[in-house]
Student: 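Okay, handing you the structure first.
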Amino acid sequence: MRAMVYRGPYKVRVEEKDIPAIEHPNDAIIRVTRAAICGSDLHLYHGMMPDTRVGTTFGHEFIGVVEKVGGSVQTLSPGDRVMVPFNVYCGSCYFCARGLYSNCHNVNPNATAVGGIYGYSHTCGGYDGGQAEYVRVPFADVGPSLIPDWLEDEDALLMTDALATGYFGAQLGDIVEGDTVVVFGAGPVGLYAAKSAWLMGAGRVIVIDQLEYRLEKARTFAHAETYNYNEYDDIVVEMKKATDYLGADVVIDAVGAEADGNFLQQVTGTKLKLQGGSPIALNWAIDSVRKGGTVSVVGAYGPIFSAVKFGDAVNKGLTLRMNQCPVKRQWPRLLEHIRNGYLKPNDIVTHRIPLEHIAEGYHIFSAKLDNCIKPLIVPNAS
Amino acid sequence: MHSTPYVANKPRNTETRDELRARIPGWGADLDPADRPSYPREKLAPFHTGAHWDFPEQQPGAENREHSIEHDIVPPVFGTSVPLKGVSGAIRRHAYASYSEGRAAHWLLLILGDRVDAWESHLRSFASARPDNPVTETGVLAEKSAHGVASRFGVKRSDINHQWLDPLIVGGPWVAAGGVAFAITRKLVRRGR
């Protein structure tokens with residue numbers, strides 16, 4: 001089969017690989033029909049996530065058709081059209097039993113601090129991902145779901161991570177009616193988080209980024225007020241002014257490890273890999289939220305230390321909430337919102353790239369060229 | 001009048017419910033926390049997960065699988081992509097066997113293993129039918145088709161300040177490999193004289 005393969009920092013190519021095999025009785029093999037590049041894939045692409053091995057296939061956002069199932073699979077059959085959450089999880093461990101699917105303890109030998117994620121380094125379990133023609137999906141009776149007939153492929157694909165994560169990020173904020181919600185990052189997750197904040201009753205939603213074309217999307221797609229931090233000397237002071245010097249009730253970090261806006265943090269975090277990412281957005285979040293407020297973190301960070309302004313968080317009495325999204329827990333309600341017309345996930349898709357051109361796709365997304373917001377991958381474009 | 005934080009209950013100048021409902025599709029649909037799928041955070045068996053086991057059957061191959069020393073066992077299911085090999089494999093195996101996830105040495109060794117892996121793989125590719133090609137693999141040819149110049153200039157982007165470092169990160173292993181090859185060749189030539 002054809003598959004994207006990592007060749008070292010900033011380098012990927014398409015190679016011929018063996019079609020994955022059933023390795024466990026509850027495995028399924030999925031023929032991928034659509035995949036996506038996630039902003040967090042760029043952390044791998046840039047060599048930031050420890051134990052990212054040359055030869056790995058990335059891709060934790062994908063949908064497809066069941067090709068083959070293992071002997072103990074009861075709910076799926078070959079030919080089924082399925083969406084697959086980015087979490088690999090067993091459904092039966094201490095954490096899964098409590099709904100913390102992203103924290104499963106039975107799928108990742110390499111680390112206990114994170115669950116399993118498709119195509120996201122050996123730190124997340126060493127699974128190949130879905131930027132390929134086929135992918136192995138463990139626990140086929142637990143993770144994947146049939147895609148409803150009425151749901152379009154691209155909308156289903158976006159439910160496997162970005163939409164679910166943005167919606168989850170807004171929930172972590174514990175928003176109450178009338179709250180002012182600030183979202184750092186106008187990428188896919190930030191846009192969905194901003195849109196979701198309204199569903200939870202926000203009175204104001206403010207989105208901050210540095211890319212004007214993404215802020216335009218935040219205004220039109222997410223109905224948000226927007227600020228380009230490059231136009232202000234100090235975005236934290238600007239947020240104080242915007243909230244009558246109170247600070248926001250809730251701030252959502254939808255940026256994560258490659259936040260920009262501070263050269264030293266950027267270079268030490270993303271270029272030299274001396275931090276688990278550059279926590280600029282997180283620090284701005286801590287300083288922009290009001291005392292007693294809540295910071296929700298759904299941006300991805302690496303496992304080593306980062307220079308986070310923790311003293312301010314303590315002194316302000318903040319609630320910090322965070323996790324990788326337990327995706328399938330979000331799906332029933334998200335399907336209702338899509339069906340009711342409140343959410344149209346694929347409004348943010350900007351690029352549809354054949355698998356054979358995936359190196360260009362990564363470069364465009366990484367360098368923020370061509371007004372790129374969300375690139376999708378088409379495995380069999382021919 | 002004083003700004004908000006200096007007094008207790010200054011009213012906020014925000015839109016009314018009706019105004020928000022008229023402007024934002026679905027505004028307030030999840031006002032009740034009970035309608036939010038991740039509320040409460042931990043909820044025993046929030047859905048039927050689909051698992052029909054108390055503990056999953058063991059996937060074969062666990063015997064030699066590297067694992068965190070914070071695990072009591074190798075978990076029943078794991079990824080099998082790219083097993084450990086070469087010098088990078090030895091570094092990674094040492095990181096897993098010797099240090100917990102709480103130790104910086106664990107992660108710093110894994111990052112070192114990643115750099116060594118890239119160098120090993122580049123060198124190995126030169127002996128293969130498909131050597132690494134930094135032009136096609138970096139996707140840099142998209143600069144032309146995807147408006148590389150227009151996307152960067154005339155707009156305020158702070159990432160432009162450090163993008164010049166990217167070619168150094170990509171080119172570093174190539175320059176290093178070239179230097180090593182040159183030094184070895186020169187030594188051999190001198191020895192042969």
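Order of the sequence lines sets the chain letters (A, B, ...), proteins ahead of strands, with each chain counted from 1.
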Student: The criterion is side chain to side chain contact (heavy atoms under 4.5 Å, CB included); which residues satisfy it with A:D174, sequence neighbours excluded?
Tutor: A:R321
Student: With a 3.5 Å cut-off and no angle check, do the side chains of B:E66 and A:H122 form a donor-acceptor pair?
Tutor: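 The answer is no; no qualifying pair exists.
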Student: Could you please spell out the steps behind the side chain to side chain contact (heavy atoms under 4.5 Å, CB included) verdict for B:T49 and A:K328?
Tutor: CA-CA 9 Å; B:T49 66; A:K328 199 168 178 179; over 6 Å; no
Student: So for A:P138, is it side chain, backbone, both, or neither that comes closer than 4.5 Å to the heavy atoms of chain B?
Tutor: side chain
Student: Just do the salt bridge (Lys or Arg N to Asp or Glu O under 4.0 Å) check on B:K10 and A:D244 with the steps written out, would you?
Tutor: CA-CA 10 Å; B:K10 187 180 170 188; A:D244 201 20; 2.7 Å; yes
Student: Measure the spacing between CH2 of B:W53 and SG of A:C90 and express it to the nearest 0.5 Å.
Tutor: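 Rounded to the nearest 0.5 Å, the CH2-SG separation comes to 7.5 Å.
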Student: Kindly indicate whether the side chain of A:N106, heavy atoms from C-beta on, has any atom under 4.5 Å from the side chain of B:F55.
Tutor: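 Side-chain contact under 4.5 Å: yes.
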Student: Between A:M200 and B:D35, is there a side-chain heavy-atom distance shorter than 4.5 Å?
Tutor: no
Student: Is chain B contacted by the side chain of A:E15, its backbone, both, or neither, given a heavy-atom distance below 4.5 Å?
Tutor: both
Student: Apply side chain to side chain contact (heavy atoms under 4.5 Å, CB included) to the pair A:D27 and B:Q59, showing each step before the final yes or no.
Tutor: CA-CA 10 Å; A:D27 281 358; B:Q59 176 181 327; 5.6 Å; no
Student: Do NZ/NE/NH1/NH2 and the carboxylate oxygens of A:K271 and B:D166 come within less than 4.0 Å?
Tutor: yes
Student: Do B:Q58 and A:H24 pass the side chain to side chain donor-acceptor pair (under 3.5 Å) test, and can you show the C-alpha distance, the side-chain angles, and the key distance before you say yes or no?
Tutor: CA-CA 8 Å; B:Q58 179 66 52; A:H24 181 275; over 6 Å; no
Student: Measure distances from A:V88 to the heavy atoms of chain B and classify the residue's part below 4.5 Å as side chain, backbone, both or neither.
Tutor: neither
Student: Side chain from CB out, backbone as N, CA, C, O: work out which of these in A:Y10 comes under 4.5 Å of a heavy atom of chain B, or both, or neither.
Tutor: both
Student: Compare every heavy atom of B:H71 with every heavy atom of A:A111, then report the nearest pair and how far apart it is.
Tutor: O-NE2, 3.8 Å
Student: One thing to verify: whether B:R92 and A:D51 come together as a salt bridge, which I'm taking to mean a side-chain N less than 4.0 angstrom from a carboxylate O.
Tutor: yes
Student: Is A:T180 close to chain B through its backbone or its side chain, or both, or neither, when contacts mean heavy atoms under 4.5 Å?
Tutor: both
Student: I would like to know whether B:E57 and A:N26 meet side chain to side chain donor-acceptor pair (under 3.5 Å); could you show each step before the answer?
Tutor: CA-CA 9 Å; B:E57 211 172 305; A:N26 210 247; over 6 Å; no
Student: We want to know whether B:H67 and A:N108 form a side-chain donor-acceptor pair, criterion being a heavy-atom distance below 3.5 angstrom.
Tutor: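 A:N108 and B:H67 do not have a side-chain donor-acceptor pair below 3.5 Å.
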Student: Under a 4.0 Å threshold between the charged nitrogen and the carboxylate oxygen, would B:R157 count as salt-bridged to A:D209?
Tutor: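 Judged by the 4.0 Å cut-off on N to carboxylate O distance, A:D209 and B:R157 do not form a salt bridge.
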Student: By number, which residues in residues 112-119 of chain A have some heavy atom less than 4.5 Å away from chain B?
Tutor: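 Interface residues of residues 112-119 of chain A: A:T112, A:A113.
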Student: Indicate yes or no: at least one non-hydrogen side-chain atom of B:R115 is less than 4.5 angstrom from one of A:P9.
Tutor: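 B:R115 vs A:P9: side chains touch.
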Student: Please state whether the side chain, the backbone, both or neither of A:F305 comes within less than 4.5 Å of a heavy atom of chain B.
Tutor: side chain
Student: If you look at every heavy atom in B:E137 and A:A359, which pair is closest and at what distance?
Tutor: O-CB, 3.8 Å
Student: Give, as side chain, backbone, both or neither, the part of A:V267 having an atom under 4.5 angstrom from any heavy atom of chain B.
Tutor: side chain
Student: How about A:R290 and B:T4: do any of their side-chain heavy atoms sit closer than 4.5 Å?
Tutor: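 Sidechains of B:T4 and A:R290: no contact.
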Student: What part of A:L100 gets closer than 4.5 Å to chain B, counting heavy atoms only: side chain, backbone, both or neither?
Tutor: side chain
Student: For salt bridge (Lys or Arg N to Asp or Glu O under 4.0 Å), just list the numbers for B:R17 and A:E177, CA-CA rounded to whole Å, side-chain angles, deciding distance to a tenth of an Å, and then say yes or no.
Tutor: CA-CA 9 Å; B:R17 271 185 168 198; A:E177 185 171 354; 2.6 Å; yes
Student: Using the rule given for side chain to side chain contact (heavy atoms under 4.5 Å, CB included), can you reason through A:F139 versus B:V77, listing the C-alpha separation, both sets of side-chain angles and the distance that settles it, and then say yes or no?
Tutor: CA-CA 9 Å; A:F139 295 117; B:V77 166; 3.5 Å; yes
Student: Return yes if a side-chain donor-acceptor contact under 3.5 Å exists between A:N323 and B:R41, otherwise no.
Tutor: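 Looking only at side-chain atoms, B:R41 and A:N323 do not form any donor-acceptor pair under 3.5 Å.
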